[in-house]
J.: 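Input: one structure, supplied below.
Computed from a prediction, not measured in an experiment: that's the story for all the values here. Each chain gets a letter, A, B and so on, in the order the sequences are listed, and its residues count up from 1.
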Protein chains: 2
Amino acid sequence: MAVTMADVARRAGTSIAVVSYVVNGGPRPVAARTRERVLAAAAELGYRHNRVAAALRSGSSGLVGVVLPDTVNPYFAALGQRLEEALSASGKLMVVANSGYDGQRQAAVIDALLGAQVDGLIVVSAPGADDPAGLAAESGVPLVHVHHRPPGSDTTLVAADNAAGVAAAVAHLRGHGHGHDRVDFLAGPTDEGPVGDRVAAWRATGVPGELLRSEYGRAAAARLVAGLKAAPRALVAATDEQAVGVLAGCGAAGIEVPGRLALISCDGSSETGFTVPPLTTVEQPLAEMARRAVRHLLGEPVPGTPPTATLAIRRSCGCSHPGFSGVGATD
Amino acid sequence: MAVTMADVARRAGTSIAVVSYVVNGGPRPVAARTRERVLAAAAELGYRHNRVAAALRSGSSGLVGVVLPDTVNPYFAALGQRLEEALSASGKLMVVANSGYDGQRQAAVIDALLGAQVDGLIVVSAPGADDPAGLAAESGVPLVHVHHRPPGSDTTLVAADNAAGVAAAVAHLRGHGHGHDRVDFLAGPTDEGPVGDRVAAWRATGVPGELLRSEYGRAAAARLVAGLKAAPRALVAATDEQAVGVLAGCGAAGIEVPGRLALISCDGSSETGFTVPPLTTVEQPLAEMARRAVRHLLGEPVPGTPPTATLAIRRSCGCSHPGFSGVGATD
DNA sequence: CTGAAAGCGCTTACAG
DNA sequence: CTGAAAGCGCTTACAG
């Protein structure tokens with residue numbers, strides 16, 4: 001049915017070994033004229049390289065598994081897209097799987113990915129998930145965590161350094177005419193993972209303020225705001241999702257942002273440019289994180305110092321900004 | 001290195017054929033005691049089924065390729081997630097690829113997917129993309145378009161019926177105390193694809209109003225609003241992205257929504273529950289669309305009538321809504 | 001530079 | 001119910 005290397009070889013009057021050499025550009029040299037004949041035959045016959053046969057023989061499937069807690073969350077969606085870009089630049093195909101923030105499901109999904117003989121695994125650990133390092137090692141598959149790894153794990157983690165960015169956010173709310181003397185922080189339910197680092201960075205500034213907590217979803221953050229007797233005057237939210245929830249809660253409660261509450265979020269996914277008002281954020285260097293994760297999988301050298309998140313100023317902090325939110329934004 | 005069926009067979013004192021039968025649950029029956037021995041041996045040895053070897057022999061890789069214009073767009077992200085759910089319920093793994101709204105890239109990506117021997121292809125056609133039906137047929141791979149297929153294509157398309165939903169949106173703006181006598185419509189740059197259907201549905205209502213156009217991105221819609229001398233009083237936007245852009249543009253221009261401009265969008269992705277104000281939308285039945293697409297690929301019967309989009313009322317239309325936007329929303 | 005042949009780990013007739 | 005064996009389409013030593 002499908003055209004095989006044998007068909008091409010027959011048509012080009014050569015062997016399948018030679019066809020393989022030209023299709024793969026190696027590992028043996030092929031005379032220019034032979035190569036032409038092979039290429040012509042392949043084109044005429046409509047030959048398509050069968051990656052699964054190649055995978056079985058060579059041990060490399062060309063597939064990389066990416067496990068994300070929730071691909072609908074714009075932050076993870078953007079990370080996924082960056083990963084796909086980085087992967088496809090190396091000729092790899094991305095197989096994504098949602099864990100749904102569920103450790104059990106994450107394990108199941110990794111199992112399926114390993115069964116598909118992925119060449120590598122990139123995982124954003126679900127809270128409470130087991131460290132998949134053992135499983136990956138058993139199968140000889142390289143593994144790298146991005147954004148979050150299980151507590152106690154010593155697998156490679158690619159994550160941004162948020163300390164300077166959070167400090168800049170806090171300093172921005174205090175200075176620049178915003179002049180808040182207190183800056184509150186909205187964290188997650190626990191201090192596990194990257195959010196914990198952000199909380200620590202906020203604490204390290206020594207600026208007075210209250211620590212608030214909510215689940216990570218938008219609805220939970222909106223609910224928190226609705227239930228507050230006195231809303232903060234200046235707040236840094238640990239994630240975009242929470243900040244969007246705060247905005248929704250403020251909108252419903254008639255609390256003006258930034259007039260009554262100055263808000264800065266962390267993540268900087270694309271949605272933050274189009275909220276009302278547009279969110280000032282501590283932007284994560286997702287493209288760089290994706291590149292590093294892929295380099296790590298491929299065994300290429302990776303810089304020792306983490307990439308840094310940086311403050312992107314829009315309007316939710318109280319800064320005025322020329323024109324509407326979308327100026328300069330590319331969606 | 002890896003444990004194979006031969007290893008398991010040896011340990012269980014049986015043949016690899018029998019191991020295959022128990023691993024796959026068929027196609028031949030196996031005696032209960034033999035099956036026990038095989039299962040025990042597999043567990044002891046840590047056997048993992050090698051899907052690529054199985055794929056080469058059986059012709060089925062267990063992989064389904066999904067091509068999306070932009071996985072960061074919440075609408076497509078949500079569709080992707082639903083597809084993954086539907087696919088994994090059938091034991092398939094999803095390989096996603098972004099076309100970036102680019103026909104060339106879409107072709108390249110489909111080529112890679114076909115090379116990976118996917119069992120099926122689900123594509124949301126990029127504007128201007130060639131119909132991949134020929135390529136898919138050549139490889140004997142079933143193909144289904146979702147949401148949008150190339151003009152003139154006669155491949156199977158799974159899309160929602162928006163006529164009733166759009167009509168309901170227009171009627172809602174006219175009646176229910178909103179009482180607008182004109183309802184404008186914000187379309188895309190052309191009337192190709194699903195947005196064209198929505199425009200047609202708006203026209204079919206016969207309600208007076210102006211047809212506005214912008215590119216699909218948020219920024220473009222925001223820019224459009226900024227450039228308007230007189231903003232509409234009542235507007236239906238063809239997509240969530242455009243509606244979010246309109247909201248951003250209105251926020252920057254000081255146009256109150258819904259006070260000054262009543263807005264309804266189409267799509268109903270999760271972000272619309274958390275805008276300020278929350279968007280009333282014509283919600284697409286994504287889960288049902290995903291299920292149908294998968295059923296089609298698997299050759300299972302699919303209902304003849306398309307699933308319908310339905311109006312979900314929140315606040316941007318002018319309705320008041322108890323509590324804050326997030327009530328009842330699940331993120 | 002080229003070719004014949006083994007073998008990757010399975011599935012699946014086929015024979016018992 | 002079970003087993004020996006062919007073969008899926010490649011890649012890769014190996015020999016020429």
J.: Can you build the contact string for nucleotides 11-16 of chain C? Use B for base contact, S for sugar-phosphate-only contact, and - for no protein heavy atom under 4.0 Å.
T.: BBB---
J.: Return the value, rounded to whole Å, for the distance between atom CZ of A/Arg10 and atom P of C/dG3.
T.: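 Value for this atom pair: 14 Å.
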J.: I'd like to know if the side chain of B/Thr308 pairs up with that of B/Asp161 as donor and acceptor (distance under 3.5 Å, no hydrogens or angles considered).
T.: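 Their side chains do not contain a donor-acceptor pair, so the 3.5 Å distance test is not met.
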J.: Expressed as a whole number of angstroms, how long is the span from A/Leu45:CG to D/dG9:P?
T.: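 Atom CG in A/Leu45 sits about 14 Å away from atom P in D/dG9.
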J.: Could you tell me how far apart A/Gln117 (CD) and D/dG9 (P) are, to the nearest whole angstrom?
T.: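 It works out to 19 Å between those atoms.
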J.: Testing the basics here: between A/Arg292 and A/Thr305, what is the closest heavy-atom pair and its distance to 0.1 Å?
T.: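 Closest approach of A/Arg292 to A/Thr305, heavy atoms only: NH1-O, 2.6 Å.
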J.: Taking atom types as modelled, find out whether B/Arg51 and B/Ser61 have a side-chain donor-acceptor pair closer than 3.5 angstrom.
T.: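 Side-chain D/A pair, B/Arg51 to B/Ser61: absent.
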J.: In whole angstrom, give the distance that lies between atom CZ of A/Arg33 and atom P of C/dC1.
T.: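 Result: 14 Å.
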J.: Will you find, in the side chains of B/His147 and B/Gln284, an N or O donor that is under 3.5 Å from an N or O acceptor?
T.: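 Per modelled atom types, B/His147 and B/Gln284 side chains form no pair under 3.5 Å.
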J.: Let me check I have this right: for DNA chain D, each base becomes ., (, ), [, ] or |, based on Watson-Crick or G-U pairs with both distances under 3.5 Å. What is the full string?
T.: |||.||||||||.|||
J.: Using only heavy-atom distances, determine whether the side chains of A/Gln81 and B/Asp70 contain a donor-acceptor pair under 3.5 Å.
T.: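 Looking only at side-chain atoms, B/Asp70 and A/Gln81 do form a donor-acceptor pair, the distance falling under 3.5 Å.
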J.: With B/Val144 as reference, evaluate B/Thr156, B/Leu157, B/Val302 under the side-chain contact (heavy atoms from CB on, under 4.5 Å) test and give the passing residue.
T.: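 Output: one option passes, namely B/Thr156.
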J.: Taking the C1' atom of each, how far is C/dT12 from C/dG16, in whole Å?
T.: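 Comparing C1' positions in C/dT12 and C/dG16 gives a spacing of 16 Å.
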J.: Is it true that A/Arg291 and A/Glu288 have a side-chain N and a carboxylate O under 4.0 angstrom from each other?
T.: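 Salt bridge between A/Arg291 and A/Glu288, a charged N being under 4.0 Å from a carboxylate O: yes.
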J.: Under 4.0 Å between a side-chain N/O of A/Thr4 and OP1 or OP2 of D/dC8, yes or no?
T.: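 No, because none of the side-chain N or O atoms of A/Thr4 sits under 4.0 Å from OP1 or OP2 of D/dC8.
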J.: Can a donor-acceptor pair be found between the side chains of A/His145 and A/Thr155 at a distance below 3.5 Å?
T.: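 Yes, a side-chain donor-acceptor pair sits under 3.5 Å.
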J.: Considering heavy-atom distances to DNA chain D, does B/Arg35 or B/Leu56 have its closest nucleotide positioned more toward the 5' end?
T.: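 Nearest-nucleotide comparison on DNA chain D picks B/Arg35.
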